[in-house]
Colleague: 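Here it is, the structure, as structure tokens.
Computed from heavy atoms alone, side chains included, the values below leave out hydrogens, waters and symmetry copies. All chains are named by letter (A, B, ...) in the order of the sequence lines, taking the proteins before the strands, and each is independently numbered beginning at 1.
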There are 2 protein chains.
Amino acid sequence: MTTGRRAQKMEETRAKLIRTARAAFAEKGYAAASMDELTARAGLTRGALYHHFGDKTGLLRAVIDQIDAEMVAKARAARDRAESPWLGFVAEGVAYIELALEPEIQRIVLLDGPAVLGDPSRWPGQNACLRETTETVQALIEAGIVRPVDAEAAARLINGAALDAALWVAAAAEPRAVLAKAIEAFRCLASGLLAAPPPQPPPGDHVTAIEN
Amino acid sequence: MTTGRRAQKMEETRAKLIRTARAAFAEKGYAAASMDELTARAGLTRGALYHHFGDKTGLLRAVIDQIDAEMVAKARAARDRAESPWLGFVAEGVAYIELALEPEIQRIVLLDGPAVLGDPSRWPGQNACLRETTETVQALIEAGIVRPVDAEAAARLINGAALDAALWVAAAAEPRAVLAKAIEAFRCLASGLLAAPPPQPPPGDHVTAIEN
DNA sequence: TGATTTGACATACGGCACGTATGTCGCAAT
DNA sequence: ATTGCGACATACGTGCCGTATGTCAAATCA
């Protein structure tokens with residue numbers, strides 16, 4: 001079963017459209033991205049677009065699905081590299097902050113996505129990032145590491161804080177320095193979820209682990 | 001100096017446009033709101049609009065400024081009603097969550113605003129909500145109540161978490177129940193900023209203070 | 001193998017909405 | 001009283017989205 005020459009070429013044009021849309025949405029923004037120009041740049045016409053994705057929002061959905069999957073993979077990798085479940089959770093949050101520094105993710109997933117498609121937790125099939133964090137939190141609660149709050153609520157808050165922080169960092173004049181501040185503040189906030197509070201470092205003892 | 005009949009009528013049309021836009025943006029969304037229909041509903045034409053606000057985004061800016069001011073006033077009132085500086089800070093955050101339940105604020109300030117105008121911290125003259133929170137955090141740090149993190153970073157994270165939580169609550173099937181979970185999780189997170197951790201309630205001891 | 005059908009994609013069309021350029025009318029200052 | 005300015009209306013061009021229709025190659029089948 002060789003997938004058929006027909007279906008293969010079709011997948012190719014789908015991928016080409018998504019790839020082109022990803023670039024166009026990222027640099028122009030969703031609203032300002034023209035479907036005529038977008039499809040022409042992909043060597044196609046609007047006919048192909050409406051055939052495969054229904055309308056403009058369908059294409060945005062497809063693009064976001066793809067990016068979302070990539071984000072989950074990277075965040076999970078960061079979590080699994082950590083030395084304890086709790087540090088893995090924190091690393092996951094920090095990974096989201098750093099991921100959201102990419103203009104592509106900022107513009108498409110954080111700004112235009114919610115505005116066009118509505119609340120991310122309602123995106124059908126996806127919002128994989130949120131589910132990933134929710135499961136992590138749930139496991140930490142069951143292990144007695146995190147206080148018994150609602151896992152989904154904690155995940156939403158953590159994700160919201162991380163992504164909003166990234167928005168702030170990216171718009172800052174000195175992204176590197178601001179990123180360090182954001183990560184430090186994020187660690188503080190996250191520690192509020194711990195069942196047994198960590199030892200408090202004395203004032204002025206700044207955390208300097210910025211690199212991955 | 002009686003402000004002149006001229007200027008008075010002009011202020012009146014400005015206000016009428018902003019009021020109508022606020023309603024239209026809230027129910028249709030920014031992109032789907034037609035300026036023709038919007039101005040007609042206000043008893044005017046697009047000429048008035050472009051004379052006063054330059055373009056469509058200018059009108060959005062004016063609307064957001066107005067809402068932002070109202071939000072700050074309410075959050076500050078909630079803070080000042082509290083019995084201690086720390087509880088005031090928490091009350092401010094909870095107030096943001098509850099404020100963001102209004103569809104008007106959701107749609108205009110949280111969804112369309114960032115998508116059209118970019119990062120809120122760059123909105124000229126405003127983002128009064130963020131500044132308010134930043135100053136509150138700074139005062140708490142100087143009083144030794146909050147750990148010495150970057151005040152602006154903490155404010156961004158707290159605000160992002162609160163507003164994102166509200167987005168989640170509003171989209172939920174059971175807003176009342178979900179709101180309680182969100183507020184409880186928010187209190188946990190916020191406690192991570194404390195210099196001296198609060199006493200940990202035993203598991204199952206749920207906070208029930210939902211009403212203002 | 002040749003006819004037929006299916007479906008991926010292109011082309012053509014209508015309509016809406018934004019921004020600008022131009023016109024008009026009333027208030028205010030001299 | 002005249003003149004100038006500013007608030008707002010009207011008219012126009014342009015771009016873009018969604019749909020309806022057409023076309024041609026590939027898969028199916030007799």
Colleague: Is a donor from one side chain sitting under 3.5 angstrom from an acceptor on the other, for Q138(B) and E142(B)?
Modeller: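 There is such a pair (donor and acceptor under 3.5 Å, judged by atom type) between the side chains of Q138(B) and E142(B).
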
Colleague: Looking at D150(A) and R156(A), does any basic side-chain N land under 4.0 Å from a carboxylate oxygen?
Modeller: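 The answer is no: the pair does not qualify as a salt bridge.
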
Colleague: Please identify each residue that fulfils side-chain hydrogen bond (donor to acceptor under 3.5 Å, both in side chains) with R41(A), with sequence neighbours left out.
Modeller: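 Result, side-chain hydrogen bond (donor to acceptor under 3.5 Å, both in side chains) vs R41(A): E37(A).
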
Colleague: To the nearest Å, give me how far apart NZ (K56(B)) and P (dA17(C)) are.
Modeller: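 To the nearest whole Å, that distance equals 9 Å.
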
Colleague: Looking only at side-chain N and O atoms, does T13(B) come under 4.0 Å of OP1 or OP2 in dC8(D)?
Modeller: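 The answer is yes; a side-chain N or O of T13(B) sits under 4.0 Å from OP1 or OP2.
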
Colleague: What residues in residues 17-32 of chain B put a non-hydrogen atom under 4.0 Å from any atom of DNA chain D?
Modeller: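 DNA chain D contact set from residues 17-32 of chain B: none.
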
Colleague: Ignoring hydrogens and angles, tell me if any N or O in the side chain of R61(A) forms a donor-acceptor pair with the backbone of W123(A) under 3.5 Å.
Modeller: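 Answer holds: no.
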
Colleague: Taking NZ, NE, NH1 and NH2 as the nitrogens, is one of them in R79(B) or E132(B) under 4.0 Å from a carboxylate oxygen of the other?
Modeller: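 The answer is yes: the pair qualifies as a salt bridge.
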
Colleague: Carefully, step by step, assess I108(A) and Y30(A) under the rule side-chain contact (heavy atoms from CB on, under 4.5 Å).
Modeller: CA-CA 7 Å; I108(A) 301 178; Y30(A) 174 79; over 6 Å; no

Colleague: We want to know whether R147(B) and S191(A) form a side-chain donor-acceptor pair, criterion being a heavy-atom distance below 3.5 angstrom.
Modeller: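 A pair is found: one side chain offers a donor N or O, the other an acceptor, under 3.5 Å apart.
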
Colleague: In whole angstroms, how far is the P atom of dG6(D) from the CZ atom of R14(B)?
Modeller: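 Interatomic distance, CZ of R14(B) to P of dG6(D): 16 Å.
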
Colleague: Please work out which residues in residues 36-55 of chain A have a non-hydrogen atom less than 4.0 Å from an atom of DNA chain D and list them by number.
Modeller: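 Heavy-atom cutoff 4.0 Å gives R46(A), Y50(A).
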
Colleague: Examine the side chains of D55(B) and T57(B) and answer whether a donor and an acceptor come within less than 3.5 Å of each other.
Modeller: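 A pair is found: one side chain offers a donor N or O, the other an acceptor, under 3.5 Å apart.
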
Colleague: Rounded to the nearest Å, what distance is computed from the CG atom of residue L60(B) to the C1' atom of nucleotide dC18(C)?
Modeller: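 Going from CG in L60(B) over to C1' in dC18(C) covers 15 Å.
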
Colleague: What integer distance in Å separates K16(A):NZ from dA8(C):C1'?
Modeller: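 Rounding to the nearest Å, NZ of K16(A) and C1' of dA8(C) are 13 Å apart.
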
Colleague: Given atom CE of M35(B) and atom P of dG19(C), what is their separation to the nearest angstrom?
Modeller: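 About 7 Å, once rounded to whole Å.
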
